[in-house]
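In listed order, ligands and their atoms are each counted from 1. Note: hydrogens, waters and symmetry copies are ignored here, and every other heavy atom, side chains too, is used.
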Amino acid sequence: MSRIFLSAPDITGRERELVTEVFDSNYIAPAGAMLTKFEEDMCKYTGFAYAVALASGTAALHLALRIVGVSAGDEVWTTSMTFIGGASPITYLGATPVFFDLSAEHWTIDPDLLETELKRAAKTGKLPKAILPTDLYGQSCDLDRITKLCDEYGVILVVDSAEAVGAFYNGRHAGSGSHCAILSFNGNKMMTTSGGGMLISNDKNIVDQARYLSTQARQPVIHYEHIDIGYNYRLSNVCAAIGVGQLEQIESKVEKRRAHFDRYVEAFSDTPGIKFMPEPKGYRSTRWLTCLTFSKEMKTTRHDVQKACDAAEIEVRPLWKPMHMQPVFKETKMIGGSVCEDLFDRGMCLPSGSGMPVSDQNRVIDVIKSVVDG
Ligand SMILES: *Cc1c(COP(=O)(O)O)cnc(C)c1O
């Protein structure tokens, strides 16, 4: 039996043809026409004015935070329940993360907690340098509330939309209204370049800076001249070709993941103890991964389901282990925590790749049904 992955790459468009075009041009480099096209296409799709393609989402976030001015001693307020790549760039800069709980209504950073803490911090003159919400599992954060709070307190907003290419919030793409947002094209994300990321912004200066720092901060002179320390963070032109092909199909990729989600919901509609990740009105989640929880009243736990799926060659995983529960962040401040701790305790994500055939999904459903009680 072949293994069913959580989110396998789905390469069914013009990717191979576009990569061949790159080979024919001999621009096998972190420069070339495909990079420009990829950035322009992403701007068109997301409605952002400027974009720079980078080696990873983590690299994009590192640059984003550095460019908006995060430095040693600053606080960055972010989501506890996230992937490590969404948090570690804060520490690369010597800044201090403060982790926040999620709202149970949308599973993204709780705007009420943010508001309370901003009010408190403003009084003591200790506002964070930036707020960094995560668009968890492809659901946009509450952009209206958060952009309003950031405006009110003069705090910079950077959105981690790594899982949310194709997510919309009241008709605007995820990350809209922020100073800048970052995307990931890792192999398991909504779309892939085999590995890659992007920084998108309506601020030309931010994207120009990112382009400059991502190519070793070279001054525009013929000899190599440096007045800043940069990075080698640019995406390759070859990978950009894969990205162009993937982006052409992003809408159908979102639709396929959403259809998987709907099928899972339907399959477990007579199991009241199983609840799925909510999607409030006005949000369009990418449903990057279908997430569910098992109620405390059920005999079945996520560990039972994990065991059964492991044995059946099906990759399932718990939801992200919150950052404040990670040994590496054990000294870090946490605001609230009961929502994400509970989700980690009882939650799970299921195979959701846009290329997953329905027959594979049925295999997943059957295995889970064979272990859940009532
Ligand atoms: C994947 C991911 C990242 C990091 O992206 P990479 O391209 O893997 O470096 C950051 N944040 C979140 C929420 C992610 O899921």
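- Taking every non-hydrogen atom of Gly86 and a distance limit under 4.0 Å, the qualifying atoms of ligand 1 come out as 10 (C), 11 (N).
- Here the heavy atom of the protein found nearest to atom 1 (C) of ligand 1 is Lys189 NZ, 1.4 Å.
- Among all protein heavy atoms, the one lying closest to atom 11 (N) of ligand 1 is Asp160 OD2, 2.7 Å.
- Gln139 and Glu279 share no donor-acceptor pair across their side chains, judged by distance under 3.5 Å alone.
- Looking at ligand 1, you'll find an N or O of Gly57 within less than 3.5 Å of one of its N or O atoms.
- Aromatic rings of Phe185 and Phe38 (six-membered ring for Trp) have centroids within the 6.0 Å cut-off, being under it.
- Distances below 4.0 Å separate heavy atoms of Thr82 from the following atoms of ligand 1: 13 (C).
- Under 4.0 angstrom from ligand 1, the non-hydrogen atoms of Ala162 all belong to its side chain.
- Rounded to the nearest 0.5 Å, atoms CG (Leu102) and SG (Cys340) are 5.5 Å apart.
- Taking the ring centroids of Phe329 and Phe99, they lie under the 6.0 Å cut-off.
- Tyr50 approaches Asn202 most closely through the heavy-atom pair CE1-O, 3.6 Å.
- A salt bridge links Glu117 and Arg120; the closest N-O separation between the charged side-chain nitrogens and carboxylate oxygens is under 4.0 Å.
- Contacts of Thr58 with ligand 1, taken as heavy-atom pairs under 4.0 Å, involve both backbone and side chain.
- Atom numbering of ligand 1 starts at 1 in the shown order; those under 4.0 Å from a heavy atom of Thr134 are 13 (C).
- Of all protein heavy atoms, the one closest to atom 5 (O) of ligand 1 is Ser184 OG, 3.3 Å.
- At least one heavy atom of Gly196 sits less than 4.0 Å from an atom of ligand 1.
- Using modelled atom types, one finds no donor on one side chain facing an acceptor on the other under 3.5 Å when comparing Tyr169 with Asp135.
- The closest protein non-hydrogen atom to atom 13 (C) of ligand 1 is Glu163 OE2, 3.2 Å.
- Ion pairing between a basic and an acidic side chain is recognised when a charged N comes within 4.0 Å of a carboxylate O; Glu255 and Arg284 show such pairing.
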